[in-house]
Amino acid sequence: MRHHLGWGLSVTQWFVFLLANALALPIVLGQAFGLTTAEVAGLMQRTLLLVGLSSGLQAWLGHRYPIADGPAGSWAIVFVVMAYIGREQGLDSPDTLRLLSGGVLVAGVIMLVLGLAGQVHRLLFLFTPLVTGCFILLLVIQLSGVFVRGMVTDPATGAMSLPVLLIGLLVFLGVLLCSFSRHNLLRTYAVLVGIGAGWLAFVLFGLAQPAGAAPASGLQWPELFAWGAPRLDAGMLVVAVLFSLLLFSNQIAAVTAVSAVVRERDADGNRVINRSSAASGISHLLAGAGATIAVVPLPVTAGFIQLSGDDRRAPFLLACGLLALVSLFPAAVGVLSLLPAPVANAALLATFIKLVSLAFQLLTRKAMDNRASTIVGVALLLGVGCMFLPPELYRHWPGLAQYLLGNGLLTGTLLALAMEQLWPKGKGH
C-alpha cells in the first residue's frame with residue numbers, strides 16, 4: 001500500500017512539474033499574437049500533447065533520463081520578437097506564425113539528420129564546460145525575470161498584487177524549506193506540496209481564476225497546421241541554423257545537469273547526445289506540423305530531481321503518458337489551465353537555485369584565469385545587456401540583427417562559443 005502511494009505521489013508530482021513548465025508560454029504567445037480565447041485553448045492543448053510525447057520519447061529512446069521537455073524559452077523569445085517584427089513589416093499574425101513554423105521545421109530536420117547520422121558528438125568540442133556554464137547562467141538570468149514577474153502578477157488584472165506577491169513568496173520559501181526537511185516524504189514531494197498549498201491559498205482568498213465557458217466534452221484530436229502551411233525566408237533560415245547550435249547547447253546542458261544528479265547514467269556520452277538530438281528533431285517536426293512552440297529538454301529538471309531525490313524513469317514515463325492522454329480532452333485541459341500561474345512560477349523558481357549552483361560548478365571546474373574570466377564577463381555583460389534593450393532601438397535593423405539583439409541567451413552563448421574557440425588556451429593569463 002505504501003509502495004503504491006509512493007508511486008502515485010511520484011507520478012502526480014512529475015505530472016504537475018511537466019504541466020507547470022508548459023502552461024505559461026501558450027498564454028504569453030496568445031497575447032503577443034492577439035489570438036482568440038479558442039485559439040489559445042487549442043495552442044495549449046497542442047503544447048501539452050507535445051510536452052507529454054516529447055518528454056516520453058526522450059526518456060524512452062532519446063537520452064533515456066527523466067528530463068522534462070518544455071516550451072523552449074529561447075524559441076519563445078524569437079516568437080515574441082517576430083510578433084513585433086511582423087507587425088512592423090505589415091504581416092498579419094497567421095503569416096508570421098507560418099514563418100516561425102517553417103523555422104522550427106528546418107531546425108528539426110538539422111537535429112534529426114545529425115542525430116541519426118551519429119554526428120552530433122563531433123560538435124561537442126564547441127560546448128566546453130565554460131560555454132555550457134555560460135549558457136546555463138544566461139538561461140537562469142533570462143527566465144528568472146519571466147518567473148519572478150509571473151510570481152507577483154495577478155493573472156486576472158495583469159498588474160502587480162500584494163496578496164499574489166505574498167502567496168508567491170510563501171510558495172517559493174515553502175518549497176525550499178520542504179526540500180531541507182528531515183522527513184523524506186516532505187522532502188521528496190516539496191514541489192507538489194508547494195503547488196497544492198499555493199493553489200488552495202488562491203481559492204481561499206478568492207484569487208483563483210473563474211472557470212470560463214465549458215469546453216467541448218469528449219476526446220478531441222488537435223488540429224494539424226492550425227496556422228496554415230509553413231513558409232520560410234532567408235532570415236528565418238539563418239536563424240534556424242543558428243538556433244540548432246543553441247539547441248545542441250541546451251541538450252548538452254540538460255543531459256550534463258541531470259547525469260550529475262541521477263544514480264544510473266550512460267557511460268557513452270556521445271551516444272546519449274546523438275539519440276537526444278534525433279528525438280529533439282522529431283519533436284521539432286511535430287511542433288512545426290502541430291502549430292505550437294518547439295520544446296526542449298529542460299536543464300531545470302536537475303534542480304527538481306535534487307530537491308525531490310526522485311530520479312526513477314518509470315513514474316516519469318507514466319506522467320508523460322498521462323499528460324499526453326489528458327491533453328486530448330479539452331474539458332480536462334480547461335481544468336488544468338486554472339492552475340494559478342503565480343503558484344507555478346514560484347514553485348519552479350525554487351528549482352532554479354540548484355541550476356545556478358551547477359552553472360558555477362561548470363564555470364569553476366578549472367581555475368578561472370584571465371582568459372576564462374574575460375570570456376564569461378563578455379558573454380554575460382553583452383548577453384544580459386541585450387535582454388534589457390527595448391525593441392524600438394533596433395526595429396529598423398535587418399531581421400537577423402533583430403533576432404540576435406532581441407535574444408540575449410543566443411547572443412551571449414554565441415559570443416562565449418566564438419571566444420572559447422578563437423582565443424588560444426594558454427594565452428591571456
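Computed from a predicted model, the values in this text were never measured in an experiment. Keep in mind that the numbers below use all heavy atoms, side chains included, and drop hydrogens, waters and symmetry copies.
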V104 versus A287, closest heavy-atom pair with distance: CG1-CB, 4.0 Å
Tell me which pairs pass salt bridge (charged side-chain N to carboxylate O under 4.0 Å, His left out) where either residue lies in residues 405-421, with sequence neighbours left out. R371-E420
Could you label the plane-to-plane angle of the W14 and F17 rings as parallel, tilted or perpendicular, counting under 30° as parallel and over 60° as perpendicular? perpendicular
Which pair of non-hydrogen atoms, one from M160 and one from L165, has the smallest distance, and what is that distance? CE-CD2, 4.0 Å
Will you find, in the side chains of Q361 and S357, an N or O donor that is under 3.5 Å from an N or O acceptor? yes
Within this structure, what is the CG-CG distance for the pair L48 and L325, rounded to the nearest 0.5 Å? 12.0 Å
Quick check: does any side chain N or O of S55 sit under 3.5 Å from a backbone N or O of G52, one acting as donor and the other as acceptor? no
Mind listing the closest non-hydrogen atom pair of G103 and L232 along with its distance? N-CD1, 3.7 Å
L246 backbone acceptor or donor facing N250 side chain under 3.5 Å: no
Just by distance, do the side chain of Q13 and the backbone of S308 share a donor-acceptor pair under 3.5 Å? no
Between CG on residue L417 and CG on residue L422, distance to nearest 0.5 Å: 9.0 Å
Side chain S259, main chain T256, donor-acceptor under 3.5 Å: yes
Give me the atom names and distance for the closest heavy-atom approach of S280 to M111. CB-CE, 3.4 Å
When you measure from the side chain of S276 to the backbone N and O of V272, does any donor-acceptor pair fall under 3.5 Å? no
Between D310 and R312, is the closest basic N to carboxylate O distance under 4.0 Å? yes
May I ask you to decide if L99's main-chain N or O and D233's side chain share a donor-acceptor pair within less than 3.5 Å? no
Please name the pair of heavy atoms, one in I195 and one in A20, separated by the smallest distance, quoted to 0.1 Å. CD1-CB, 4.4 Å
Greater than 12 external heavy atoms within 6.0 Å of F125's CZ: yes
To the nearest 0.5 Å, tell me how far L123 CG sits from L245 CG. 7.0 Å
Answer yes or no: is there a donor N or O on one side and an acceptor on the other, between the side chain of D69 and the main chain of V51, under 3.5 Å? no
Enter the distance from M151:CE to L169:CG here, rounded to the nearest 0.5 Å. 4.5 Å
With rounding to the nearest 0.5 Å, note down the distance linking CD in E223 to CG in L43. 12.0 Å
Ignoring hydrogens and geometry, is there a side-chain-to-backbone donor-acceptor pair from R98 to W227 under 3.5 Å? yes
Determine yes or no for a side-chain-to-main-chain donor-acceptor pair under 3.5 angstrom, with S277 supplying the side chain and I273 the backbone. no
Hey, is the main chain of A324 close enough, under 3.5 Å, to the side chain of S327 for a donor-acceptor pair? yes
